[in-house]
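One structure below.
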Protein chains: 2
Amino acid sequence: MVTVHDVAARSGVSIATVSRTLREPHRVSDDTRDRVLAAVDELGYRPNRAASSLRRGRTGVIALVVPDIENPYFASMTKGAQVMCRERGYELVVVDTSERAEIEDEEVRVLRSQIDGLILASSRLSDERLAEVAETTSCVLVNRSLESHAPGTPTVTIDEGAAAALAVAHLYGLGHRRIVYVGGPSRSWSQARRAKGIETAAHERDGLELIQLRDCVPTSDGGREVAEKVLALGPTAVIGYNDLVALGLLAQWTESDIRVPGHVSLIGFDDTFVTGLVTPPLTSVGADLRVVGDAAVELLIERIDGVSTSSHLIHRSIQPQLAVRSSTAPPAARR
Amino acid sequence: MVTVHDVAARSGVSIATVSRTLREPHRVSDDTRDRVLAAVDELGYRPNRAASSLRRGRTGVIALVVPDIENPYFASMTKGAQVMCRERGYELVVVDTSERAEIEDEEVRVLRSQIDGLILASSRLSDERLAEVAETTSCVLVNRSLESHAPGTPTVTIDEGAAAALAVAHLYGLGHRRIVYVGGPSRSWSQARRAKGIETAAHERDGLELIQLRDCVPTSDGGREVAEKVLALGPTAVIGYNDLVALGLLAQWTESDIRVPGHVSLIGFDDTFVTGLVTPPLTSVGADLRVVGDAAVELLIERIDGVSTSSHLIHRSIQPQLAVRSSTAPPAARR
DNA sequence: TTGAAAGCGCTAACAC
DNA sequence: GTGTTAGCGCTTTCAA
């Protein structure tokens, strides 16, 4: 292992100067800088991060805690965070909690001394525990807010209300007047917002009937399970809690020779890459998840660096977009 | 921040005893241990990892480098690695290189002083560079071998030959005699094995015609692009380079009213979760990727800990399985 | 502009 | 079984 001492010896300066050259190059004479950097290069020196962390009280590491890295939703978010971290010179540790609150809790504890900050995505922790964490660690919440317990905690949220409105407006514009929303887990933060947003948007429109289902398992199998029941409700269009649910509905219907969008239109939430995998490609509404990951990292770094709160919003709301594909069309003429 | 000193003061022992209690509990009297652990608990003490790393020369961190975390293939592998790491008390850093060799190269350099070991999945680095890395860092290769340059480097590979044989046997068994293989990028390690495996398996069977395509872009769009061309070759069954390609073929065919498996049977590689998202669900062949991730971590930890090489195989080959779903069936009777 | 030196918190000899 | 102590490699006063 190459240390500051080796570099110092090689370039004929003290170890302090080596360190200074790397951290504060402007405080070193041109000549010295050149020699030190040359030595660094020749020896392939890289500062030992453990030593640096210990001394500076900073690790240069950010942790991103997600419920399930196999979920395309979090995979995309991770990608965004990763890219932004690299850009800003931080290392990213990704932790997968398998949707389990206890694991999340334990990981957060273990991580604490090893990181400069924490991004909790779709956290399963209670408001109380979350507030504790936010107090002891720089952290950013994604898809969650803590208005009551710790309003000062930065958050990145997707404007689910806007997303819902987009979906409803699209369907209404096509002429649909009877829509079923296949809702996700009642406890889910996103489900609450999506349901409410859809309800509100539906109310605003004349002659629009909305039927809500609840507690559909948020996977494609979950969608398959309720496919028949949904159809029995007689909608001309269906909104799925997320893309996976929508794909499940689509798959099951296709097997029963129900045509999409001929018989029913279908729209999903999140606009993940799976929308492009099927026929017809799924219309979906959602934010660019990489942007969400990006924003979370940026916000966290601001907090870590103690950038003044007022200059940038502490609560970032990401606007969703509607990606119109082939699973939505005007309703078939009623017989 | 709570340190050993605080715990020592609280429990009336020296800092050495605190450290010992945590690292080597058996070398401490029952009474002392109880008191120290109580203090640890009350104060919420967690050893500072930077300090520990610096002193021990070990970080307790493993890095997993993947080309693209959004790819379900690597996401699943990551999941497996993550679980195994937690089990063994290591932290996992996931790095996404965006399929770029330069980024991979740079990351490997930066990471070196911060980790105990490295898992390179589907590395884009040259054999030469890879050999260099393997020399200076404990590392495990996934989907790659280094027989010529550094045969001592542990590897985890999937038995692609066996996978190919499984696919061919399945189709042959159903009665297919004219099969098209839609191959992936020529430079890809997996493509080479899969193509060769399919070829070999096909040769062994009487009356089986095999047509190989090459350099299909390994995404669903790639599959869509070649869908028509593939069909023009007149196969009764098609094997896609991976699930995404197969799904692209399927989507495009469905849009042209070509029935699967009625008109052609279709089979994918990797058996990722996307096989269940479509209609008909895709028959696919592949290893359990979580097992691959698991195995890589295990092998790496053995190497880190210097477990004798002879006791465990250094090269682990994971056996694939065939998951028969609905996209394969006997060929339609020829007219 | 540079160097000497003090530690960051922890672990592992070594001494008792 | 327990305590004393010397650093791990680095950054950062402080003094020159």
Side-chain angles (χ1 to χ4, degrees), chain A residues 1-40 43-61 89 91 109-116 305, chain B residues 1-40 43-61 89 91 109-116 305:
Chain A
M1 153 167 279
V2 186
T3 75
V4 268
H5 291 96
D6 302 320
V7 178
R10 175 117 188 183
S11 50
V13 298
S14 73
I15 59 166
T17 300
V18 174
S19 179
R20 222 177 272 123
T21 306
L22 266 20
R23 294 268 165 207
E24 311 162 297
H26 59 281
R27 295 175 36 64
V28 156
S29 78
D30 289 5
D31 179 51
T32 318
R33 193 185 319 132
D34 291 348
R35 265 182 309 134
V36 172
L37 291 180
V40 165
L43 299 174
Y45 169 72
R46 297 270 172 178
N48 177 314
R49 263 222 156 115
S52 174
S53 303
L54 181 56
R55 184 57 234 254
R56 309 214 304 159
R58 290 259 201 125
T59 62
V61 176
E91 208 65 42
R109 285 204 160 80
V110 172
L111 249 21
R112 196 166 105 201
S113 82
Q114 322 178 38
I115 56 172
D116 294 342
D305 292 345
Chain B
M1 155 165 276
V2 186
T3 75
V4 269
H5 291 96
D6 302 319
V7 178
R10 174 117 189 182
S11 50
V13 298
S14 73
I15 58 165
T17 300
V18 173
S19 180
R20 220 178 273 125
T21 306
L22 267 19
R23 295 268 164 206
E24 311 161 297
H26 59 282
R27 296 176 34 67
V28 156
S29 78
D30 290 4
D31 180 51
T32 319
R33 192 186 317 135
D34 292 348
R35 267 182 308 136
V36 171
L37 291 179
V40 164
L43 299 173
Y45 169 72
R46 297 270 171 179
N48 178 313
R49 261 223 157 110
S52 174
S53 301
L54 182 55
R55 183 57 235 251
R56 309 212 303 159
R58 289 265 200 119
T59 63
V61 177
E91 209 65 43
R109 285 203 160 81
V110 172
L111 249 20
R112 195 168 106 201
S113 81
Q114 321 175 41
I115 56 170
D116 293 342
D305 292 346

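Protein chains get the first letters and strands the later ones, always in sequence-line order, with residue 1 at the start of each. This is a predicted model, so every value here is computed, not measured. Scope of the values below: all heavy atoms of this structure, side chains included, with no hydrogens, waters or symmetry mates.
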Between [X] and [N], is there a contact of a side-chain N or O with OP1 or OP2 at under 4.0 Å?
X: B:Ser52; N: C:dT11; result: yes
X: B:Ser19; N: C:dC10; result: no
X: B:Thr17; N: D:dG3; result: yes

Return the value, rounded to whole Å, for the distance between atom [atom1] of [X] and atom [atom2] of [N].
X: B:Arg49; N: C:dT11; atom1: CZ; atom2: P; result: 11 Å
X: A:Arg56; N: D:dG9; atom1: CZ; atom2: P; result: 18 Å
X: A:His5; N: D:dT11; atom1: NE2; atom2: P; result: 12 Å
X: A:Glu24; N: D:dT11; atom1: CD; atom2: C1'; result: 9 Å
X: B:Arg23; N: C:dA12; atom1: CZ; atom2: P; result: 7 Å
X: B:Arg58; N: C:dC10; atom1: CZ; atom2: P; result: 19 Å
X: B:Leu43; N: C:dG9; atom1: CG; atom2: C1'; result: 15 Å
X: A:Arg27; N: D:dT13; atom1: CZ; atom2: P; result: 10 Å

> Does B:Arg33 use its side chain to pair, donor to acceptor, with the backbone of B:Pro25 at less than 3.5 Å?
Replying inline: yes

> Short question: side chain of B:Ser53, backbone of B:Arg49 - any donor-acceptor pair under 3.5 Å?
Replying inline: yes

>> We want to know whether B:Asp116 and B:Thr59 form a side-chain donor-acceptor pair, criterion being a heavy-atom distance below 3.5 angstrom.
In response: yes

As a test of reading the structure: which of [options] is closest to the side chain of [X], going by heavy atoms?
X: B:Asn48; options: D:dC8, C:dC10, D:dT4; value: C:dC10
X: B:Arg55; options: D:dG7, D:dC10, D:dT2; value: D:dG7
X: B:Val4; options: C:dG3, D:dT11, C:dC10; value: C:dC10

Under 4.0 Å between any heavy atoms, over every strand shown, what does [X] touch: base, sugar-phosphate, or nothing? Just pick one.
X: A:Val28; value: sugar-phosphate
X: B:Arg20; value: base
X: B:Ser29; value: sugar-phosphate
X: B:Thr32; value: sugar-phosphate
X: B:Val13; value: sugar-phosphate

> Within a strict 4.5 Å, meaning less than it, do heavy atoms of the B:Val40 and B:Val2 side chains meet?
Replying inline: no

>> Is any side-chain heavy atom of A:Arg35 closer than 4.5 Å to one of A:Thr32?
In response: yes

